[in-house]
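Since we're looking at a predicted model, the values are computed, not measured.
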Amino acid sequence: MKRLTILFLATAAIVPVGISHTATRAHAASGAKLQLRHTALGSILVNRGGRTLFVFTRDSRNHGRCAATPGCTGIWPLVTTTGTPTLGPGVKRSLVGTIKVAGSRQVTYAGHPLYTYIGDAGPGDTSYVGQAQFGGKWFALNAAGQVVK
């Protein structure tokens with residue numbers, strides 16, 4: 001299993017080459033899309049690009065802790081939307097919601113705030129599921145809103 005090492009200088013993270021925070025913000029402005037993808041861990045929630053969506057074990061129902069943790073959202077960006085998220089087949093509308101975080105609307109699923117990972121290697125990558133970072137662990141979700149480890 002490959003791991004990405006992230007270095008911190010003060011509160012700024014050094015991120016891998018080729019990852020654009022501008023692209024992340026522009027993507028959020030067009031609205032979030034939640035869909036399912038079959039992976040090595042089974043069918044899990046992914047974004048419009050097929051990349052794994054994560055939940056953080058330090059979060060509570062409809063309350064994210066990552067944004068209040070220095071450096072966290074630089075590594076684990078919030079999944080945000082400007083309107084109603086678009087859903088792919090099998091994603092349950094009744095489990096989708098949003099919470100207000102730092103002036104944005106973070107998407108939730110079954111009450112779990114959702115995140116992406118800047119080190120994601122590509123669509124279907126699940127190698128970072130179970131990663132311990134920022135005082136908790138990061139897992140995927142299935143269509144029922146259950147944690148996938």
Y109 versus N142, side-chain donor and acceptor atoms under 3.5 Å: no

For residues [X] and [Y], report the shortest heavy-atom separation together with the two atoms involved.
| X | Y | answer |
| --- | --- | --- |
| A32 | R48 | C-NH2, 3.9 Å |
| C66 | D59 | N-OD1, 3.8 Å |
| P113 | S60 | CD-O, 4.1 Å |
| T82 | G31 | OG1-N, 4.3 Å |

Check whether any side-chain heavy atom of [X] sits under 4.5 Å from a side-chain heavy atom of [Y], and report yes or no.
| X | Y | answer |
| --- | --- | --- |
| L34 | L114 | yes |
| T116 | R51 | no |
| F54 | F139 | no |
| T108 | V79 | no |
| K100 | R105 | yes |
| L87 | Q35 | no |
| V147 | V55 | yes |
| R37 | T52 | no |

Backbone N/O of G42 and side chain of T39: donor-acceptor pair under 3.5 Å: yes

Within the side chain of R58, is there an N or O that forms a donor-acceptor pair under 3.5 Å with the backbone of G64?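 Here the side-chain-to-backbone pair does not exist.
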
To the closest 0.5 Å, what do you measure between NZ (K149) and OG1 (T57)? 9.0 Å

Nearest-0.5 Å distance, CD of residue Q131 to CD1 of residue I75: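 Going from the CD atom of Q131 to the CD1 atom of I75 covers 10.0 Å.
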
For Y117 and Y128, I'd like to know if the aromatic rings sit close, meaning centre-to-centre distance below 6.0 Å. yes

Can you list everything that forms a side-chain contact (heavy atoms from CB on, under 4.5 Å) with L36? Sequence neighbours excluded, please.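 S43, L45, V91, A143.
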
Taking it one step at a time, do Y115 and W138 satisfy ring-ring contact (aromatic ring centres under 6.0 Å, His included)? CA-CA 9 Å; Y115 305 86; W138 299 85; 5.1 Å; yes

